[in-house]
Asks: 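Structure provided below as structure tokens; questions to follow.
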Number of protein chains: 2
Amino acid sequence: MIHVADAHRGREESLDVIQRELTAFARRARSTAARLHPDLPLVSYTLLAHIEHRHGCRATDLAAHYMLDKSTVSRQVAALENLGLVERHPDPDDQRIQVLHPTTAGVQALASTQASRRAAYRERLGAWTSEDLEQFAEYLLRYNSAGEDTSPR
Amino acid sequence: MIHVADAHRGREESLDVIQRELTAFARRARSTAARLHPDLPLVSYTLLAHIEHRHGCRATDLAAHYMLDKSTVSRQVAALENLGLVERHPDPDDQRIQVLHPTTAGVQALASTQASRRAAYRERLGAWTSEDLEQFAEYLLRYNSAGEDTSPR
DNA sequence: TACCTTCGTTGTATCGTACAACCAATATTC
DNA sequence: GAATATTGGTTGTACGATACAACGAAGGTA
């Protein structure tokens, strides 16, 4: 028979593991990213991907989604623009807003990067069953969505 | 009936979601960490935690585990030492090696940080069942262990 | 018209990181 | 056993990513 305290302990242990492994992943992410696409300015890739995923968005959206300061985003976007990967289109209804879109070059760069990225993930997760992958994806979505706007700022 | 191509597509989609969500998490991690423990030099926390988790380890182990350059680790450890959170003990068998251990102050700092960290995770994952937590933890372990030493460097 | 809010940029400082060159201690090879 | 490699770690240097603060421009509101 399982005691209540044991179940509680199991829960805490799982939380600790999750915390530890997520942290480890986050810390390794930079190195991994650098290996995956040494060409693309590394951080910008993420922003570019998000812009495409959203079919265009504002700088503020990027800042909110990645919890970055607007100044950071501003510079990153400027870098992407200099590389010719994104375009800014002023919103006719509101002159303050500039809508960001990937250029064709941006889409292309994203595609090639995405390819090598997919390959890496495919290799790493090749042994997983489709069910496990799906479940894992769902957990991650659930986890991330939990802290979306609850952040105090 | 499910077509083979559909199953394949589902797999690819899961991979994309996993990739996207992990990336998002990694990008937010810094901001989250800063919020969770504004006091502790933020990165050092991770290293300190790992030192404790391993019951003492060498700087090289830290570098390998987090995929960091040894110079980076060297400075971080020096910072931790200056803060009085870790101690170095030379290995009598090999004078090159210095074994790192948390000081009592280090253990204490870790404990208080861990507390607030746990609280945040508990809040965020409070609605999850124990089974889901366990499963999620297992997936993360599996994911992380897959890229442990396969990295080309 | 005068305030307040929102979106974005720029100035400045700091942190985390890598790479390269180096030193010291150990291991290997001839 | 002496010459050469390998390993663990530090320091010099440069750079990227980030935050915070001050600002400007556009739009909304009183």
Side-chain angles (χ1 to χ4, degrees), chain A residues 23 26-35 37-48 51 56-83 86-100 151-153, chain B residues 23 26-35 37-48 51 56-83 86-100 151-153:
Chain A
T23 303
R27 301 300 264 79
R28 291 178 189 144
R30 182 172 300 203
S31 144
T32 310
R35 187 151 30 82
H37 37 78
D39 42 314
L40 211 55
L42 172 49
V43 177
S44 310
Y45 165 78
T46 312
L47 299 185
L48 182 55
I51 293 171
C57 68
R58 301 171 303 164
T60 303
D61 301 333
L62 294 173
H65 188 249
Y66 291 113
M67 293 183 184
L68 295 169
D69 192 79
K70 37 181 194 161
S71 65
T72 303
V73 174
S74 174
R75 288 177 226 269
Q76 295 289 343
V77 169
L80 281 172
E81 193 185 25
N82 284 337
L83 289 169
V86 301
E87 282 172 352
R88 321 188 191 209
H89 298 293
D91 185 333
D93 295 349
D94 187 339
Q95 290 297 115
R96 293 171 300 182
I97 294 175
Q98 44 192 217
V99 184
L100 305 172
S151 71
R153 42 135 64 245
Chain B
T23 303
R27 300 302 261 81
R28 291 179 190 144
R30 182 171 299 201
S31 145
T32 309
R35 186 152 31 83
H37 36 78
D39 42 314
L40 210 57
L42 171 50
V43 177
S44 310
Y45 164 80
T46 312
L47 299 184
L48 182 55
I51 293 172
C57 69
R58 302 170 304 164
T60 302
D61 300 333
L62 294 174
H65 189 249
Y66 291 113
M67 293 183 184
L68 295 170
D69 192 79
K70 39 182 193 162
S71 65
T72 302
V73 174
S74 175
R75 288 177 227 269
Q76 295 289 342
V77 169
L80 282 171
E81 194 184 24
N82 284 337
L83 290 170
V86 301
E87 283 172 351
R88 320 188 191 209
H89 299 293
D91 184 333
D93 295 348
D94 187 339
Q95 292 297 114
R96 292 171 300 183
I97 295 175
Q98 44 191 221
V99 185
L100 306 173
S151 70
R153 38 138 66 244

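Protein chains get the first letters and strands the later ones, always in sequence-line order, with residue 1 at the start of each.
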Asks: Taking atom P of dG27(D) as reference, at what distance in whole Å does atom CD of Q98(A) sit?
Replies: 13 Å
Asks: Nearest-Å distance, CG (D69(A)) to P (dT10(C))?
Replies: 14 Å
Asks: Rounded to whole Å, how long is the line connecting atom NE2 of H89(A) with atom C1' of dC7(C)?
Replies: 18 Å
Asks: Classify R75(B) by what it touches in the nucleic acid, base, sugar-phosphate, or nothing, heavy-atom distance under 4.0 Å.
Replies: base
Asks: Is the side chain of R28(B) donor-acceptor paired with the backbone N or O of H65(A) at a distance under 3.5 Å, no angle test?
Replies: yes
Asks: Start at the 5' end of DNA chain D and walk down; is the nucleotide closest to P92(A) or to I97(B) reached first?
Replies: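 The residue mapped nearer the 5' terminus is I97(B).
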Asks: According to a strict under-4.0 Å criterion, is R27(A) in side-chain N/O contact with OP1 or OP2 of dT17(C)?
Replies: yes
Asks: Between dT17(C) and R30(B), is there an OP1 or OP2 to side-chain N/O distance shorter than 4.0 Å?
Replies: no
Asks: Begin from the C-alpha positions of R75(A) and S71(A) and carry the test side-chain contact (heavy atoms from CB on, under 4.5 Å) through to its verdict.
Replies: CA-CA 6 Å; R75(A) 288 177 226 269; S71(A) 65; 4.3 Å; yes
Asks: So does S71(A) get a side-chain nitrogen or oxygen closer than 4.0 Å to the phosphate oxygens (OP1/OP2) of dA19(D)?
Replies: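 No, outside the criterion.
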Asks: In whole angstrom, what separates L62(B)'s CG from dG16(C)'s C1'?
Replies: 15 Å
Asks: Let me know the distance between CZ of R35(B) and P of dT18(D), rounded to the nearest Å.
Replies: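 For the pair R35(B) CZ and dT18(D) P, the rounded distance is 16 Å.
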Asks: I want to check one thing: is the phosphate of dC7(C), taken as OP1 and OP2, less than 4.0 Å away from some side-chain N or O of Q95(A)?
Replies: no
Asks: Over how many whole Å does the gap from L68(A) atom CG to dC7(C) atom P extend?
Replies: 16 Å
Asks: Would you indicate whether the side-chain heavy atoms of V77(A) and L62(A) approach each other to under 4.5 Å?
Replies: yes
Asks: Starting at atom NZ of K70(A), determine the distance to atom P of dG11(C), rounded to an integer number of angstrom.
Replies: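 Rounded to the whole Å, the gap is 16 Å.
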Asks: What's the shortest heavy-atom distance between A59(B) and L100(B), and which atoms?
Replies: N-CD1, 3.9 Å
Asks: For a quick test of reading the model: is some side-chain N or O of T72(A) closer than 4.0 Å to OP1 or OP2 of dT18(D)?
Replies: no
Asks: Rounded to whole Å, how long is the line connecting atom CG of D94(A) with atom C1' of dT5(C)?
Replies: 12 Å
Asks: Do any side-chain nitrogens or oxygens of R96(A) fall under 4.0 Å of OP1 or OP2 in dA25(D)?
Replies: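 Looking at the OP1 and OP2 atoms of dA25(D), neither is under 4.0 Å from any side-chain N or O of R96(A).
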Asks: At their closest point, which heavy atom of V99(A) faces which heavy atom of G56(A), and how far apart are they?
Replies: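 Minimum heavy-atom contact is CG1-C, 4.5 Å.
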